[in-house]
S.K.: 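I'd like to ask you about the structure that follows.
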Number of protein chains: 2
Amino acid sequence: MSSIWQEEIAAETRAGGRISDRFIVDKVRKAVLTQRLPPGTRLPEVALGDIFGVSRSVVRKALTRLAADYVVTQQPNQVARVRAPSIEETRETFAARRLVEGEVAALLAGRLDDEQLATIASLVEREAEAHACGDEPARIEHSLAIHHLLAERSPNRVLGAMLTDLILRTSIVIALYKRAGLASCFLAEDHPALLAHLRTGDGEAARRCIHDHLQALENLLDLSTRETRIDLMAILGQREGVTE
Amino acid sequence: MSSIWQEEIAAETRAGGRISDRFIVDKVRKAVLTQRLPPGTRLPEVALGDIFGVSRSVVRKALTRLAADYVVTQQPNQVARVRAPSIEETRETFAARRLVEGEVAALLAGRLDDEQLATIASLVEREAEAHACGDEPARIEHSLAIHHLLAERSPNRVLGAMLTDLILRTSIVIALYKRAGLASCFLAEDHPALLAHLRTGDGEAARRCIHDHLQALENLLDLSTRETRIDLMAILGQREGVTE
DNA sequence: TCCTGTATTGTTGTATACAATAAATTGACA
DNA sequence: TGTCAATTTATTGTATACAACAATACAGGA
């Protein structure tokens, strides 16, 4: 029973903490994000229960939550699968995020204190450094941290929660549809420019900045309808699930 | 065991359909919306299971979904309760809905075919009639149908789903914070004006119309911070739950 | 009267058994 | 060899039992 989560589960149990549904949600989410669980992967309840050392009750709750987050699909009497958002949904998700994150940035401009601005500045710097070092996972982590900070600090918490969801969903589709051969989605100018607008308090400039940034990101993806890169039939046909 | 859902459950079981988690979600949601289950109401799993004639498994799934929809709160080892959104959250929910529904309306303007426009026109008319007859429940139903139609027909389905959620959440807080003595939240001019803009295809006008409409709606609420109408301590202190 | 520790009750958390459904396999037949 | 039906296996749906935790009620002492 060697799974991709072997060490993490061992660490958690050693630390005395018993595995909860939240733990499972986190692990599956991250695995989907890093494409260790590609779209279409079967997630049978008993298999996951064996892996995490819990019963189906806990797994079921985790899967229900993942379905609410659009990470997996759950249809009656069928195994849960890692979701494969379509090209159309990808475009719509980006458009929704542009709207929401643009508004959050506009609301936030001029309202952040020096400490928060310094935190963002540090993340922007570290993102550039990681890119220079060729450490893409670290760069993604810092980039995500910037956007998550906007979501957390959003003066409107309802919009903030919506943005958190949208960041996750766009991250998944970026991993899915990243143009083959593209090493990184780093856009050197964008985050520094955003920081400047947040500092000066120009809300509309911040909104435009976010808008253009996300549009540029979307343009880096391969969303050509011709050859559907995600061949659902091929994916759903294969019998592979989580390794046990 | 006489509950507020007595007849509906009997009807469902007579019709041969067995009670599913979706059924429970619908019934609880509607009861919250119509304030038959006021905020703070305890929703113990066994009590709900007895009422609906199912085991805790089904009830638990329903409650998890209701929590994802922000209808109830679920904290570890504590009974689920009907959520009581704060005044601040109410304002934020309205602001979020203005943003999202405005965008949906702008996208939709000029894109609806004659049949869909006729459907909306009919709903607008029937809403006015219901108001004239003093039939407030019917008026609310028709008004909601108009907004739900926008959500369903949204060219961007991600935004459409978000709007569906926001319509539910605003409906709950409207019921909660409606100014005492106010018979109806009917705004005679707004829906006809929206219909006109959707027909002519003026997206920005449709956006402004939605924006002003929702702002007017929010202004009809009693969101004065002075006397907190929702006294959580009083509500959470009382032992009342669903009637058995 | 007020506080505090303890027993009791109420409620949720988890595991498991069995039923119901879907998927896969097998075998017969053309 | 290919196709269809019947059987077997895999998987989820539901109910239930027991453990763990929280809230309550009660009794005793300051």
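Quick note on labels: first sequence line is chain A, next is B, and so on, each numbered from 1.
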S.K.: Separation of B:R22 atom CZ from D:dT14 atom C1', in whole Å?
M.R.: 18 Å

S.K.: Rounded to whole angstroms, how far apart are CG on A:L48 and P on D:dA10?
M.R.: 17 Å

S.K.: More 5' along DNA chain C: B:P76 or A:Q78, using each one's nearest nucleotide?
M.R.: B:P76

S.K.: Just how far, in rounded Å, is P of C:dG13 from CD of B:E45?
M.R.: 6 Å

S.K.: Check whether B:R139 reaches the backbone of B:S184 with its side chain - one donor and one acceptor, N or O, closer than 3.5 Å.
M.R.: no

S.K.: Please tell me if A:R56 has a side-chain N or O lying less than 4.0 Å from either OP1 or OP2 of C:dA17.
M.R.: no

S.K.: Check the distance between D:dA22's C1' and B:Q75's CD and give it to me in whole angstrom.
M.R.: 13 Å

S.K.: Taking side chain as C-beta onward, heavy atoms only, is B:R29 less than 4.5 Å from B:D26?
M.R.: yes

S.K.: Examine the side chains of B:N156 and B:S154 and answer whether a donor and an acceptor come within less than 3.5 Å of each other.
M.R.: no

S.K.: Quickly work out the B:R81 CZ to C:dT11 C1' distance and round it to whole Å.
M.R.: 12 Å

S.K.: Taking only the side-chain nitrogens and oxygens of A:S55, find out if one of them lies under 4.0 Å from OP1 or OP2 of C:dA15.
M.R.: yes

S.K.: Send over the distance from A:R60 CZ to D:dT11 C1', rounded to a whole Å.
M.R.: 10 Å

S.K.: If you compare every side-chain N and O of B:R42 against the phosphate oxygens of C:dT11 (OP1, OP2), does one of them come in below 4.0 Å?
M.R.: yes

S.K.: When you get a sec, tell me which of C:dA15, D:dA15, C:dT12 is the closest nucleotide to the side chain of B:V46?
M.R.: C:dT12

S.K.: A:N77 has an atom CG; how far is it from atom P of C:dA22, in whole Å?
M.R.: 5 Å

S.K.: Please report, rounded to the nearest Å, how far the P atom of D:dA15 is from the CZ atom of B:R18.
M.R.: 10 Å

S.K.: Working note: B:L168 + B:Y70, criterion side-chain contact (heavy atoms from CB on, under 4.5 Å); need CA distance, chi angles, decisive distance, verdict.
M.R.: CA-CA 9 Å; B:L168 169 64; B:Y70 300 93; over 6 Å; no

